[in-house]
Amino acid sequence: IVKVNSNGSIGLMTKETGTINNRGEVNVTGGNNTSNTRGTIGLSAGTGSTIDSTDGKAIIDVREDKSIGVYSDGTLKLGESTITANNQAVNYFSDNNGKIVASKTSKATTGQSSLLFYTKGNGKVILDGEIEAVIKGGATPGTRGTAFYYISPTRYGVFDTDAVQDYFNNTFGNGTS
């Protein structure tokens, strides 16, 4: 068991050609505060690296801006997981050419002012298993949790059925990828 309870911490991290195979449990809790504003990251797979937690378990609870439950700019494979993000944190962030694959049962709670899925560039989140997501509400739009952050592929922001369908097919797969 890897257990981390600290603001500004990273539970497991790989970079370059590094690989971690988690067959146990990773438990990470944290955020940021006035003395540590970096945020907490539960699992972080850097460019060209892999975290394979398919046969493991991840329990991650992050809070505040700059905190991320799972981050990938490489390959990150999740088995059983519970990812909680509160107060401007992000549950799943797939950056550039990163790929997050959730292959077993996942639970996600996205708190107020937080984001469930964020992808950038060619980042992908593949849901091969079941995910049970709870998005918390709020009295105003700024305090509500959000499921997806859509970025238009064009400069002036096309937001029609075809553009949104292409976004979901390219970011989350279309049932065949």
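The main-chain N or O of K124 is found under 3.5 Å from a side-chain atom of S94 such that the two form a donor-acceptor pair. Using a distance-only test at 3.5 Å, with no hydrogens or angles considered, a donor-acceptor pair links the side chain of R38 to the main chain of G8. A distance-only check finds no donor-acceptor pair linking the side chain of N96 to the backbone of G98 [under 3.5 Å]. Checking side-chain atoms of S81 against main-chain N and O of L78 turns up no donor-acceptor pair under 3.5 Å. Put simply, the side chain of S114 never gets that close to the backbone of T110: no donor and acceptor are under 3.5 Å apart. Looking only at distances, no side-chain donor or acceptor of S49 sits under 3.5 Å from a matching main-chain atom of T75.
Atom CD1 in I68 sits 7.5 Å away from atom OG in S44 (nearest 0.5 Å). Atom-to-atom distance recorded for D52:CG and I20:CD1 is 11.0 Å, nearest 0.5 angstrom.
What you find for L116 and N91 is that their closest heavy atoms are O-CB, 3.3 Å. The two residues A85 and V90 come nearest to each other via the heavy atoms CB-C, 3.8 Å. Annotation for S67 and G30: closest pair OG-O, 4.5 Å, computed over non-hydrogen atoms. The two residues G79 and S106 come nearest to each other via the heavy atoms O-OG, 4.0 Å. When all heavy atoms of V158 and A163 are compared, the closest pair comes out as CG1-CB, 3.6 Å. Taking both residues in full, the closest heavy atoms of S53 and N22 are given as OG-ND2, 2.9 Å, listed atom of the first, atom of the second, then distance.
With I10 as the partner, the side-chain contact (heavy atoms from CB on, under 4.5 Å) test is satisfied by one option alone out of I41, V28, T40, V4: I41.
The shortest distance between side-chain heavy atoms of N32 and D65 falls below 4.5 Å. The closest side-chain heavy-atom distance from N86 to D61 is below 4.5 Å. By the 4.5 Å heavy-atom criterion applied to side chains, V70 and F93 are not counted as neighbours. Considering only heavy atoms from C-beta on, K136 comes within 4.5 Å of Q112 through its side chain. Under the 4.5 Å side-chain criterion, counting only non-hydrogen atoms from C-beta, L43 is in contact with I60.
Under 4.0 Å is where a charged nitrogen must lie from a carboxylate oxygen, and between K57 and E80 at least one such pair does. Between D55 and K104 there is a salt bridge, with a side-chain nitrogen of the basic residue lying less than 4.0 Å from a carboxylate oxygen of the acidic one.
Between F148 and Y118, a ring centre-to-centre spacing not shorter than 6.0 Å is recorded. Aromatic pair F172/F117: ring centres closer than 6.0 Å.
Counting non-hydrogen atoms of neighbouring residues, nucleotides and ligands closer than 6.0 angstrom, the CD atom of E25 exceeds 12 such neighbours.
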Fill in: Worked verdict on R63 versus N7 for side chain to side chain contact (heavy atoms under 4.5 Å, CB included)
CA-CA 9 Å; R63 61 191 177 281; N7 291 328; 3.4 Å; yes

Worksheet item: Going through the distances and angles, do T29 and N5 end up as a side chain to side chain donor-acceptor pair (under 3.5 Å)?
Response: CA-CA 5 Å; T29 303; N5 186 352; 5.0 Å; no

Discussion item. For S103 and D128: C-alpha separation, side-chain torsions, deciding distance, then whether side chain to side chain donor-acceptor pair (under 3.5 Å) applies.
Written reply: CA-CA 5 Å; S103 62; D128 279 345; over 6 Å; no

Item to complete: Report the C-alpha distance between Y71 and I51 in whole Å, list the side-chain angles of each, state the deciding distance to 0.1 Å, and finish with yes or no for side chain to side chain contact (heavy atoms under 4.5 Å, CB included).
Response: CA-CA 10 Å; Y71 169 85; I51 295 177; over 6 Å; no

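With hydrophobic clusters built from ILVMFWY side chains whose heavy atoms lie under 4.5 angstrom apart, I100 shares a cluster with Y167. Hydrophobic clustering (ILVMFWY, side-chain heavy atoms < 4.5 Å, transitive): M13 and I59 are in distinct clusters. No continuous path of ILVMFWY side-chain contacts below 4.5 Å connects V134 to Y149, so the two sit in separate hydrophobic clusters.
Side-chain atoms of N33 and S35 form a donor-acceptor pair, as typed in the model, at a separation below 3.5 Å.
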